[in-house]
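For reference, the structure is listed below as structure tokens.
Here is how names work: the chains are called A, B, and so on, in the same order as the sequence lines, proteins then strands, and each is numbered from 1.
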Amino acid sequence: MPPESQKSDRYNAREAEPRWQKIWDERAIFSTRNDDPREKYYVLEMFPYPSGRIHMGHVRNYAMGDVVARFMRARGFSVLHPMGWDAFGMPAENAAMERRVHPKTWTYDNIAAMKSQLKSMGLSLDWSREIATCDPAYYRHQQKMFLDFLAAGLVERKKSKVNWDPVDQTVLANEQVIEGRGWRSGAPVESRELTQWFFKITAFAQDLLDSLDTLERWPEKVRLMQKNWIGRSEGLLIRFALDPASAPGGEREIDVFTTRHDTLFGANFMAVAPDHPLATSAARKNPALAAFIAECKRHGTAQEIVETAEKLGVDTGIRAIHPFDPDWKLPVYVANFILMEYGTGAIFGCPAHDQRDLDFVNRYGLGNVPVVCPPGQDPATFTITEAAYDGPGTMINSRFLDGMNIEEAKEEVARRLEGQMRGDRPLAQRQVNFRLRDWGISRQRYWGCPIPVIHCEACGVVPVPESDLPVELPEDVAFDRPGNPLDRHPSWKHVPCPRCRRPAARETDTMDTFVDSSWYFARFTDPWTTAPTDRQAVDRWLPVDQYIGGIEHAILHLLYSRFFTRAMRATGHLGIDEPFAGLFTQGMVVHETYQTRAGTWAAPAEVRLEGADDSRRAYLLSTGEPVEIGPVEKMSKSKRNTVDPDDIITTYGADVARWFMLSDSPPERDVIWTEEGVRGASRFVQRVWRLVNEAAPHLPPPGAGFGSAPAAGVKSLRVQTHQALADVSNEIERLKFNTAIAKIYTFVNTLEEVVHDPRREFAGEPSYGAAAREGFDILAQMIAPMMPHLAEECWAALGHDTLVAAEPWPEVVESLLQRDTITLPVQVNGKKRADVTVARDAAQTDIEAAVLALVAVQRALDGRKPKRVIVVPQRIVNVVA
RNA sequence: GCGGACGUGGCGGAAUCGGUAGACGCAAGGGACUUAAAAUCCCUUGAGGGCAACCUCGUGCGGGUUCGACUCCCGCCGUCCGCACCA
């Protein structure tokens, strides 16, 4: 019977996918042993927050990770590919308040739902290592490490100005304030003075900065963002003496940090932050100043205010003395643009070379003196009015510095002041300042990891003894009022002091949830061990070889994890420097938006599309009302432009969803989810399935030889097969999934030509059949990382009784890729005019002769004599006339 | 304001090192099969010219380096992202 009439059924993903998932599960082929002697490879995707359902962003993230995991497993590595849940956090408490469901119940229900969704994706995960950060079996170890960090001096309790989120009723870290608003609530944050627990991330500021250079497999962008966030600046700490007659509280001096000590002779005022001790002191006898300070504090740090606020200040009456001239007095202001958090909270103002200072003096008429003259400017006439000059130049109006460049002047000022003592300290010392602040981790929330300390009136802060760990969250809590339920629980916090046994109180703050995610990658290496980590396991698996997640964690999570790794190393919990050797930040999943005339948003599933290109129109399915097709934006609940992964998997199958996600855009860029694209992926699945079924009955059994006298066309087919294999392997290795898929498409086109070849050589000629068999086997193996279910189905249809998921990656036969002849493009004056086919090792002179003999070349030369012939071996020939 | 990335057909994009621009897919148009539709298969598809062989132009804009530039350099324009009173 001719193959055409063998009507093969359509591939039924809904039936096939669960079947293969069950088989993988039963044979436990994705569970990883710590004592596997093979070389390790640890691939990790950022674990999800159990919000309720997975979204397309998850599908994209985990599809990419699974390609890497399956590929590396086939390449013979012992692959660790675990999954867990970032399970503490605010939404659970919000659900508790809104729906009267316990955060724990809500969280575990969500985990169950999302786990089943992830399972339907057919990911090659080792579920035996699953962890949830809200499980006491996890957070007890976090409490242990907190105590270890505390003992090592890496944790500190201090009173500090903090970011207070009035909606979430909790403190936020600097990293969690985006444009002056809380990262979750979006509410403008307020400034509050509170006693808080801090991780001393600044202790590692220099190392965190320096080590960025070692992270060669991180995106340059992320490294740069972290570098800017850490914000190292080198400068000078200068002690300005105060005029004793003017200082209200008997203060002697004021410390100033500057990076522009070269401009010291351009100074004409000093300024301190509103919350600087000198400001507080001066305000005691100065009601106007006190009022100004109160006004500054009321405004806080909200972004809009900062951007539009004028530079305001009030003279304290205090006078500072210039370090190089005892007769030079500088007025000291309290100014709203000085931050207590940076440097010493005090500056000397040099208006000519700092825009903020210039704005300030222009408002108060203090004038300015330029001290750096730009190249080519006449020092006698150079003046500053509206724009400060911060470029290079020559020192002027600066006594002994005149004529130097900026660097020389800085050095001279530093040298002179360092050498001069007042009391037992020099007048200045070189200093490095960081923008990075310590990480405040106290949260006034219930659903987080309890901070394991006890407050005793007599003994102070007492760590919970290790034998009492974990400090577990009480379950009988109520969410009927705002605030922290732990704080008002009738009994939980009342415990005896571990030291003196008198009544004491537990700390009721919990840890920032970013603490939970700062070490989960280490826990995965041995989630069963009774210590936070097992040293053999972390030594074996860490660092993570390939970490994949969203760019939104470029600073927060990725910086915290780097800190945690250092703190864990300092306390002996692991021995590595950096947690993630390779980082890949994937793009978002975006979709066009649909808006009704009434201004409400319509979901893609509610919309019918008509027409193409410019004439595309959209209508509501329910009423037929036209809706406007809006811009392509990140899938979000608010714009309702989301597509539910469950719907896609039910309609098309997990393989189609995975394939489309990987095929349509470079992985680091946003991918636009389109119905056409998904259908294209679906069409490809059916096409492969049809082709395999058409060919399979005519193929020799697996492992058939090519014989001693292969038929015509065998070599050509094998060359294409192995070229495709080499290309796809290379592209997957570089995480270029979209081009890997393009190469697979090309190869499927080749196989289709073979099967549809009217001469049917592959069916009648054993050696050609063997080449076709090789091609189809390799095709099934190449699609397996992206479409694992279809690959198994094809593998079985091709007569194999093994699992493709457990097969080694096929070897490229390099000798096939060595061509005897090569075809070179031929240019005349840089324009392509012809091709020339020559022996691979042809001599340069022979190539030149062959090229010049070409008709197309002769015509292009049009009688001119070639001046030069450039032959780039294996690449191109260019005739210059 | 500071820092960074990116601009290629109708669309997503390809082009490891400076060497054939537009791979592969989507969309569109034409055709075959069908009573019809779906599915499938074949052809066309950067722009312009030519019956054709072919020719000219073409990677945001303007210059430059080079035998040769999407790629490197200089100057613009545009889009996106990060940081932002950091002394």
Where the side chain of [X] is defined as all heavy atoms beyond and including C-beta, which of [options] is the nearest nucleotide?
X      : options             : result
A/A742 : B/G3, B/U20, B/C24  : B/C24
A/F257 : B/A87, B/A27, B/G19 : B/A87
A/L224 : B/C85, B/C24, B/G4  : B/G4

Does any nucleotide pair with B/U40 by Watson-Crick or G-U wobble geometry, both distances under 3.5 Å, and what is it?
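Here B/U40 is engaged in a pair, and the nucleotide opposite it is B/A32.
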Using the C1' atom as the reference point in each nucleotide, state the distance between B/U20 and B/A14 in Å, no decimals.
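Those two atoms are separated by 14 Å.
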If you measure from the C1' atom in B/G63 to the same atom in B/C77, how many Å do you get, rounded?
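Roughly 15 Å separates the two C1' atoms.
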To the nearest Å, how far apart are [X] [atom1] and [N] [atom2]?
X      : N     : atom1 : atom2 : result
A/L662 : B/G25 : CG    : C1'   : 14 Å
A/R435 : B/C2  : CZ    : C1'   : 12 Å
A/I876 : B/A69 : CD1   : C1'   : 12 Å
A/F269 : B/A87 : CZ    : C1'   : 10 Å

By the definition side-chain contact (heavy atoms from CB on, under 4.5 Å), identify the one residue from A/E592, A/R60, A/H591 that meets it with A/W673.
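Among the candidates, only A/H591 passes.
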Reading nucleotides 38-56 of chain B 5' to 3', which nucleotides get B (base under 4.0 Å from a protein heavy atom), which S (sugar-phosphate only), which -?
--SS-------------SS
Checking all strands, does A/Q827 fall into the base, sugar-phosphate, or nothing category for heavy-atom contacts under 4.0 angstrom?
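It contacts base atoms.
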Does the B/C24 base have a donor-acceptor partner in the side chain of A/K743 within less than 3.5 Å?
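No such pair is found, so the answer is no.
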Check whether any side-chain heavy atom of A/M340 sits under 4.5 Å from a side-chain heavy atom of A/P277, and report yes or no.
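Contact flag for A/M340/A/P277 side chains = yes.
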